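Structure first, then comments.
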Amino acid sequence: MAIKGLGVVDQKYDGSNLKIGIVHARWNTAIIDALVSGAIKKLKEFGVKEENIFVETVPGSFELPFGTRKLQEKLRKTVGVELDAIIPIGVLIKGSTMHFEYICDSTTNALMRLNETLEIPVIFGVLTVLTEEQAEVRAGLKPGMHNHGEDWGAAAVEMATKFVK
Ligand SMILES: O=c1[nH]c(NC[C@H](O)[C@H](O)[C@H](O)CO)c([N+](=O)[O-])c(=O)[nH]1
């Protein structure tokens, strides 16, 4: 029996009144696109309306914290929308230098701190993998493998329902 993983996701959460932001990087786009699709698919399964899913992109994962914080501010200013949760999505793949480690660590800590700054759940949607194969597996791009983007969508709905609405 599989041990690791989120387990059964309780479908009782009603996402029909939730407004969810997704900020995704544009590095490793084949993986990003699969993760974003998985997150949106799961959000819709919980009843989140398409018009209440606000997607913005940034160049790379290092820009996710700034883009995540500014998306909430931009939506508040332009369309008067208050988000109930945000899902930053990025894919960091180890190269031949220490660049990967520094971006993983700094971005992860910055996103964690945003949970306090923004007062809404900021879901950790950043893959930090050693190979492209690991990224494909976690984006559900290998037969029978699970798309972690779905877990992030489910986490956003649960956290927003329990602690924001
Ligand atoms: O999202 C990523 N950004 C990456 N670098 C760009 C970085 O996030 C910034 O966009 C860039 O440094 C400009 O600030 C990556 N690598 O360098 O390998 C990567 O794998 N993934």
Side-chain angles (χ1 to χ4, degrees), residues 4-6 9 18-45 48 50 52-78 81 83-160:
K4 195 174 180 307
L6 179 57
V9 178
L18 294 181
K19 294 182 177 61
I20 308 291
I22 293 176
V23 181
H24 71 79
R26 296 191 304 272
W27 266 67
N28 308 311
T29 48
I31 310 295
I32 290 281
D33 291 349
L35 293 167
V36 171
S37 303
I40 291 173
K41 168 177 170 276
K42 189 56 73 174
L43 290 174
K44 288 181 176 175
E45 283 177 15
V48 179
E50 182 132 14
N52 286 340
I53 301 172
F54 301 85
V55 181
E56 186 54 276
T57 77
V58 293
S61 294
F62 190 79
E63 282 76 39
L64 283 173
F66 187 80
T68 298
R69 183 163 60 83
K70 298 306 272 186
L71 176 63
Q72 172 67 86
E73 289 174 22
K74 181 175 155 184
L75 290 171
R76 188 176 288 142
K77 245 188 278 179
T78 53
V81 161
L83 294 174
D84 299 304
I86 298 186
I87 312 172
I89 294 178
V91 176
L92 283 153
I93 303 175
K94 172 75 178 154
S96 54
T97 69
M98 290 293 288
H99 191 225
F100 167 83
E101 283 82 353
Y102 288 114
I103 298 178
C104 289
D105 187 49
S106 55
T107 298
T108 301
N109 287 309
L111 291 176
M112 171 52 80
R113 282 196 301 275
L114 278 180
N115 280 279
E116 288 119 43
T117 321
L118 295 182
E119 289 291 304
I120 57 171
V122 176
I123 305 304
F124 186 64
V126 181
L127 292 187
T128 56
V129 293
L130 301 179
T131 64
E132 290 180 3
E133 159 94 9
Q134 285 182 349
E136 290 176 312
V137 165
R138 286 152 184 79
L141 291 174
K142 291 282 184 194
M145 300 316 291
H146 173 68
N147 183 339
H148 285 219
E150 296 187 20
D151 298 339
W152 305 336
V157 171
E158 178 178 348
M159 293 298 286

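When a ligand or atom number is given, it counts from 1 through the structure's own listing order. Note that this is a predicted model, so its numbers are computed, not measured.
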Pairwise, report which nitrogen or oxygen atoms of ligand 1 are under 3.5 angstrom from protein nitrogen or oxygen atoms, and how far apart they are.
from	atom 1	to	atom 2	distance (Å)
ligand 1	1 (O)	S61	N	2.9
ligand 1	1 (O)	S61	OG	2.8
ligand 1	8 (O)	S61	N	3.2
ligand 1	8 (O)	F62	N	3.0
ligand 1	10 (O)	G60	N	3.4
ligand 1	10 (O)	E63	OE1	2.6
ligand 1	14 (O)	E63	OE2	2.5
ligand 1	17 (O)	H99	ND1	3.2
ligand 1	20 (O)	I93	N	3.2
ligand 1	21 (N)	V91	O	2.8

Of K70, K77, R76, the residue whose pairing with E73 passes salt bridge (charged side-chain N to carboxylate O under 4.0 Å, His left out): K70
Geometric class of the H148/H146 ring pair [parallel <30°, tilted 30-60°, perpendicular >60°]: tilted
Is there a side-chain contact between E133 and K142 in this structure, where contact means two heavy atoms from C-beta onward sitting under 4.5 Å apart? yes
Note, K94 side chain near T131 side chain (heavy atom, < 4.5 Å): no
When rounded to the nearest 0.5 angstrom, what distance separates CD in Q72 from CG in D84? 9.0 Å
Are any non-hydrogen side-chain atoms of S106 and F62 less than 4.5 angstrom apart? yes
